Amino acid sequence: MSNTARRTRLAALAAATGIAVLAGCSSSDSSDKASAPSCSPAKGKVTLQYWNTVPGMDKVVDLWNKKNPDIQVETKNISNDQYGILGNALKAGKAPDLAQVGYDELPNLRTQNAFVDASACSAAGAAKSKFVPWTWSQTSFDGTGVFALPQDTGPMALFVRSDLFKKYDIAVPKTWDEYAAAAQKLHKANPKLTITFFDPNNAEWFNGLLWQNSAKMYGYADDKWQVTVESEQSRQVADYWQKLISDKLVRTDLANGSTQMYAAYQKDQIASYVGAAWGYSMFRDNLPKQAGKWSVVPMPTWGANGSSGDWGGSTVAFMKGGKHLYESVKFNTWLNTDPEALALENKLGGLYPAANAGLQLPALSKGVPYYNSEKIFDVFAASSKKIDTSFAWGPTQKTVNLALQDAMAKAAAGDGTLDDALAKAQAAALKSMKDQAIPATAGK
């Protein structure tokens with residue numbers, strides 16, 4: 001990458017917007033343009049392949065197919081091994097036209113030249129104004145290309161068993177200090193009850209906690225990635241949860257979304273859940289007998305600014321090898337901006353839309369019966385506005401997450417601490433970038 005002007009532009013963009021700019025030569029402009037198909041409409045009937053993990057997405061696709069006989073879409077659910085299946089398809093040259101890809105996975109797949117730039121279609125670029133700004137910056141690596149359209153987001157909040165807090169006369173916490181104090185009071189009042197659980201095998205959730213505390217994991221300066229996974233802000237979060245674990249005030253034996261997790265909530269063994277907007281349907285669908293017992297409140301905060309974090313959320317990416325870009329852009333735009341499609345995705349799959357129009361859905365302005373008819377989506381909307389828009393993912397995030405999870409699992413078992421886990425994740429980030437010849441250094 002000897003083009004100094006290009007490197008300077010990339011560095012400036014990364015610093016200004018926090019987008020996931022890649023410094024590796026595999027992501028050059030020339031390769032993107034060479035792999036991008038034209039935006040000419042097909043002359044006959046077209047069938048697109050769309051792979052995703054969203055429950056009920058086949059029903060959404062059915063709606064499109066009924067209205068668009070000349071652009072049919074076949075959907076495939078790959079939730080059992082999303083990135084394994086997608087990776088194998090890419091290697092075999094059999095990737096779908098479109099695929100669901102998490103924001104944190106976009107940079108990693110970009111290094112594998114997995115996407116095509118859809119900006120040849122004017123409709124792709126024109127879609128920018130239809131989405132929450134921070135989500136668009138995650139999908140447009142160099143500020144001009146369009147490699148995916150945002151689908152959903154995961155603004156975080158606190159799910160509370162309000163009946164249990166009331167039973168033990170404990171106020172719903174507004175800060176993390178109050179949350180820790182509530183954890184002690186709950187456990188003292190009922191030794192079988194903990195305030196929540198810490199899933200050591202869920203780096204994405206932990207990253208959301210870091211995001212809330214302005215613990216930027218990556219930056220870009222001096223023509224290099226600045227890796228700051230092990231920052232002061234990150235250590236503050238790690239130390240907080242380490243104390244809760246050491247004091248046995250949170251459980252560490254449950255995996256998010258597991259049968260065991262739901263059983264613990266069903267038995268009134270856990271009093272809250274630190275989750276994201278898409279999680280509202282989890283309790284509704286799996287714990288129907290607890291209807292009316294749950295509330296959703298703002299995520300406990302670290303300081304007066306009331307910042308929030310994001311956990312999860314996905315895009316629909318334009319995959320390398322797709323032969324019908326015009327039709328892919330047309331379907332992708334409809335899928336992620338049409339109010340009827342967004343309403344169905346929210347109802348069936350629990351998606352919290354990234355599109356501005358989605359945030360205005362009638363279903364998101366009403367009280368939710370399961371949550372005591374409270375307007376829980378107002379809480380998520382407020383959370384979304386308090387997410388740090390400059391947060392960026394690194395180009396080897398999957399490797400970093402695996403290293404973080406491995407070390408967190410050991411810490412949960414008493415072998416090391418969460419601080420140690422951050423150090424190992426930092427080392428993994430630097431090594432993985434070095435192995436791929438991506439310039440990187442430990443940031444300050």
Side-chain angles (χ1 to χ4, degrees), residues 41-42 45-79 82 96-103 118 121-136 138-139 146-155 276-281 284-285 312-319 322 324-366 368 377 380-381 384:
K45 185 176 179 179
V46 167
T47 299
L48 303 175
Q49 295 291 325
Y50 166 43
W51 296 0
N52 65 87
T53 68
V54 183
M57 187 56 76
D58 56 327
K59 301 295 190 301
V60 181
V61 170
D62 286 345
L63 178 63
W64 165 270
N65 287 337
K66 290 177 182 178
K67 297 181 177 182
N68 298 273
D70 292 332
I71 306 176
Q72 292 291 284
V73 178
E74 295 179 351
T75 184
K76 177 180 179 179
N77 190 292
I78 55 173
S79 56
Q82 182 179 5
D97 300 271
L98 299 161
Q100 179 186 2
V101 177
Y103 295 105
C121 296
S122 59
K128 177 179 179 179
S129 62
K130 298 180 180 181
F131 295 96
V132 175
W134 74 263
T135 63
W136 186 267
Q138 298 268 329
T139 66
V146 182
F147 300 90
L149 295 186
Q151 183 166 71
D152 70 309
T153 63
W278 46 262
Y280 89 95
S281 61
R284 179 198 66 187
D285 297 344
S314 299
T315 70
V316 177
F318 300 98
M319 304 303 295
H324 303 290
L325 187 61
Y326 173 86
E327 290 77 15
S328 293
V329 169
K330 191 171 183 179
F331 169 70
N332 201 348
T333 303
W334 174 87
L335 182 70
N336 293 307
T337 65
D338 181 84
E340 191 175 7
L342 296 174
L344 201 54
E345 291 161 23
N346 174 260
K347 179 181 179 180
L348 299 177
L351 295 186
Y352 188 73
N356 294 318
L359 301 181
Q360 306 303 318
L361 292 175
L364 300 187
S365 63
K366 298 178 181 178
V368 180
F377 291 108
F380 293 120
S384 183

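Here the structure is a predicted model, which means the values were calculated and not measured.
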Begin from the C-alpha positions of Tyr280 and Phe380 and carry the test ring pair (Phe, Tyr, Trp, His ring centres under 6.0 Å) through to its verdict.
CA-CA 10 Å; Tyr280 89 95; Phe380 293 120; 7.6 Å; no

* To do: For the pair Phe131 and Thr139, evaluate side-chain contact (heavy atoms from CB on, under 4.5 Å) and give the outcome as yes or no after the intermediate values.
  => CA-CA 11 Å; Phe131 295 96; Thr139 66; over 6 Å; no

| query | So Gln49 and Val73, side-chain contact (heavy atoms from CB on, under 4.5 Å) or not? Walk me through it. | reply | CA-CA 6 Å; Gln49 295 291 325; Val73 178; over 6 Å; no

Lys130 and Thr333: side-chain contact (heavy atoms from CB on, under 4.5 Å), yes or no, with the steps? CA-CA 9 Å; Lys130 298 180 180 181; Thr333 303; 4.2 Å; yes

- Could you walk me through whether His324 and Leu48 pass the side-chain contact (heavy atoms from CB on, under 4.5 Å) check? CA-CA 8 Å; His324 303 290; Leu48 303 175; 3.8 Å; yes

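Of all heavy-atom pairs between Leu335 and Leu342, the closest is O-CD2, 3.9 Å. Closest approach of Tyr352 and Leu364 over heavy atoms only: CE1-CD1, 4.2 Å. Taking each heavy atom of Gly313 and Trp278 in turn, the nearest pair found is N-NE1, 4.5 Å. The two atoms that bring Pro96 and Trp51 nearest to each other are CG-CD2, 3.5 Å, heavy atoms only. Pairing each heavy atom of Ala124 with each of Val329, the nearest pair is N-CG1, 3.8 Å. The two residues Leu63 and Leu344 have their closest heavy-atom pair at CD2-CD2, 4.4 Å.
Between Asn52 and Thr75, the side chains place a donor N or O and an acceptor N or O closer than 3.5 Å (distance only, hydrogens not considered). Remark: the Ser314 side chain and the Gln100 side chain contain an N/O donor-acceptor pair separated by less than 3.5 Å.
Ion pairing between a basic and an acidic side chain is recognised when a charged N comes within 4.0 Å of a carboxylate O; Lys67 and Glu340 show such pairing.
The backbone N or O of Ile71 sits nowhere less than 3.5 Å from a side-chain atom of Asn68 that would complete a donor-acceptor pair.
Here Tyr50 and Phe331 bring their ring centres to under 6.0 angstrom of each other. Under the 6.0 Å cut-off for aromatic ring centres, Trp134 and Tyr103 qualify, their centroids lying closer than that.
Judged as a side-chain hydrogen bond (donor to acceptor under 3.5 Å, both in side chains), and not counting sequence neighbours, Ser365 has no contacts. Remark: Gln360 pairs with no residue by the side-chain hydrogen bond (donor to acceptor under 3.5 Å, both in side chains) rule, at least two apart or across chains.
Looking at Lys76 and Ile78, their side chains come closer than 4.5 Å, going by heavy atoms from C-beta outward.
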